[in-house]
2 protein chains.
Amino acid sequence: MSLRHALLGLLADGPASGYDLLGTFRTSLENVWPATQSQIYTDLTKLDAAGLIRIAAEGPRGRKTYEITDEGRAELRHWLLETAPEGYRRNDILLRVFLLGAVEPEEARGFLRTRAHSATTRLAALRSFDESMDWGGDPLSVYGRLTLEWGKRFMAMQAEWAEWAEKEVAALEATR
Amino acid sequence: MSLRHALLGLLADGPASGYDLLGTFRTSLENVWPATQSQIYTDLTKLDAAGLIRIAAEGPRGRKTYEITDEGRAELRHWLLETAPEGYRRNDILLRVFLLGAVEPEEARGFLRTRAHSATTRLAALRSFDESMDWGGDPLSVYGRLTLEWGKRFMAMQAEWAEWAEKEVAALEATR
DNA sequence: CCCTCCATGTAAGTCGTTACATGATTGT
DNA sequence: ACAATCATGTAACGACTTACATGGAGGG
C-alpha cells in the first residue's frame with residue numbers, strides 16, 4: 001500500500017510524470033522505499049482510476065504529467081497522520097544473527113566483523129553525501145535531511161553493535 | 001526466500017513440527033522475521049519437496065516432525081555466510097518523514113513526538129523482557145541475546161533521533 | 001544516421017497476508 | 001460435555017521483482 005502513498009506524497013509537492021518520479025525513487029528514496037519502474041507505472045494508473053491523482057497534461061513521447069487531486073491530498077494526510085507505521089519489521093541481518101549457532105563461533109565472528117565493516121563504509125558514504133549537498137529550505141530538503149541523519153545514526157549504531165557483538169562471541173568462545 | 005532459510009535455521013537446532021516452529025516465530029522471531037501459520041506450512045512442504053528437510057516422524061493429530069537434511073545444512077550455511085544481506089531497506093516511518101512537507105510543521109512535530117514516545121515505550125518493554133529472561137549458554141540463547149541488544153540500541157537511537165528531529169522542525173518553524 | 005535518453009506499458013512469477021476449513025486430543 | 005489447545009491445509013488476493021516489448025525525440 002505504501003508505494004501508492006509515496007507517489008501521492010511526491011505529487012503533493014508538484015505535478016510530475018512517471019519518469020520524473022522514477023528518478024526521485026532512484027536518487028532520494030533508494031534507501032527508504034525502493035520502487036521499480038514497472039510498479040510505479042501500474043500504481044499511477046491505479047491512483048488515477050481511483051481519482052486520487054489525475055492527468056494534468058500530456059507531452060511528447062506519450063509523456064503524462066500527473067497532479068494530485070483533493071481526494072488524493074485527503075488520503076495522503078490520513079495516511080501520514082492517522083495510520084500507525086509498522087517501523088522496522090523484518091531484518092535479514094538479525095535473522096542471520098539469530099541463527100548463527102548453526103556455524104562455528106569463528107565463522108559467526110567473521111560475519112559480525114563484515115557487518116561492522118560494511119556499516120562503517122556506508123556511514124562514510126552518507127557523511128560525504130551530506131557534506132556535498134547544499135541543503136535548501138524547501139520542505140523536501142528539510143525533511144530529506146532528517147532522514148539522512150537517521151541513516152547516519154543507524155549506521156553508527158550498527159557498526160558499534162556489531163563490534164560489541166563480535167567481542168561477546170569471542171568471550172564466549174574463550175570460556176569453552 | 002528468507003522464510004525458508006529461517007525454517008532451515010530453526011530445524012538445524014533440532015527436529016520440530018510446523019506447529020512448534022509457529023510458536024518460535026510468535027515469540028522469539030516476532031520482531032525479526034514475522035511469519036504466518038499459512039506461510040510456514042506451505043514452505044515446509046516446499047522444503048520437503050526440495051529435499052532440504054524431511055519428515056522424521058509422524059504423531060497424533062497428523063503431527064509431522066521435520067528434520068534438516070545434509071543438503072539443507074549446506075544451503076543454510078551458504079545463505080548464512082556467502083550471501084549478502086539486504087539490511088535495512090524499506091522503512092515506512094522514514095518514508096512518512098520524507099513526505100512530511102505535505103502537512104503543517106506543527107503536525108509534523110506531533111508525528112515526531114509520537115515516534116519518540118513509542119520508541120521509548122518499546123525500549124522499556126525490551127529492557128524488562130531482557131531482565132526477566134535468564135539467558136542460558138545454548139547457541140539460540142547467546143545469539144538471541146545479541147539480537148535483543150540490537151533492538152534496545154535501535155529503539156534508543158530512534159527515540160533520540162526523533163527528539164532531535166522535532167527540535168529541528170521547531171527551529172525551522174521559528175525562522176519563518 | 002545512430003546513440004542516448006526519454007517515456008510507457010504488460011506478463012509471469014514469488015512472497016506474503018487474510019480468511020476459510022477441518023478435525024483430533026487433553027484437561028477440567 | 002465442552003473448552004482450549006494442538007495440528008494441518010488451501011484459496012484468493014495484494015505487493016513486489018524480473019523480464020520483455022515498444023517507440024519517440026534530440027544531439028553529435
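What's counted below: heavy atoms across the whole structure, side chains too, no hydrogens, waters or symmetry copies. Quantities reported herein were computed from a predicted structural model and do not represent experimental measurements. Residue numbers start from 1 in every chain, and the chains themselves are labelled A, B, ... in the order their sequence lines are given, proteins ahead of strands.
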Please list, for nucleotides 4-6 of chain D, all pairs of protein and nucleotide N/O atoms separated by less than 3.5 Å.
from  : atom 1 : to    : atom 2 : distance (Å)
D:dC6 : OP2    : B:Y19 : OH     : 2.5
D:dC6 : O5'    : B:Y19 : OH     : 3.3

ask   = Separation of A:E58 atom CD from D:dA25 atom P, in whole Å?
value = 14 Å
remark   = Sorted by position of nearest nucleotide on DNA chain D, 5' first, the leading residue of B:P60 and B:R89 is B:P60
key: Partner of B:R113 under salt bridge (charged side-chain N to carboxylate O under 4.0 Å, His left out), chosen from B:E163, B:E166, B:E107   = B:E166
ask   = Quick one: is B:Y41 getting a side-chain N or O under 4.0 Å of the D:dT8 phosphate, OP1 or OP2?
value = yes
query = Looking only at side-chain N and O atoms, does A:Q39 come under 4.0 Å of OP1 or OP2 in D:dA15?
reply = no
task = Answer with yes or no whether A:S17 presents, from its side chain, a donor or acceptor under 3.5 Å of a partner atom in the base of C:dT8.
result = no
note = Note: for A:W33 and B:Q37 on DNA chain D, the residue whose nearest nucleotide lies more 5' is B:Q37
ask   = Under 6.0 Å from the CZ atom of A:R127, do we count more than 12 heavy atoms belonging to anything else shown?
value = no
query = Are there more than 12 heavy atoms of other residues, nucleotides or ligands under 6.0 Å from atom NE2 of B:H117?
reply = no
inquiry  = Measure CD1/A:I40 against C1'/C:dC6 and give the value in whole Å, please.
reply    = 15 Å
Stacked cation flag B:R115 on B:W161, 6.0 angstrom / 45 deg = no
query = Counting just side-chain N and O atoms, does A:R4 come under 4.0 Å of either OP1 or OP2 of D:dC16?
reply = no
key: Any B:K46 side-chain nitrogen or oxygen under 4.0 Å from OP1 or OP2 of C:dT14   = no
key: For the student: nearest non-hydrogen atoms of A:N91 and B:G87, plus distance   = OD1-O, 4.5 Å
query = For the residue pair B:W79 and B:H5, does the interplanar ring angle fall in the parallel (under 30°), tilted (30 to 60°) or perpendicular (over 60°) class?
reply = parallel
message = Let's see if you can work this out: which of C:dG16, D:dT10, D:dT18 has an atom nearest to the side-chain heavy atoms of A:S38?
response = D:dT18
query = Base, sugar-phosphate, or nothing for B:S2, non-hydrogen atoms under 4.0 angstrom?
reply = nothing
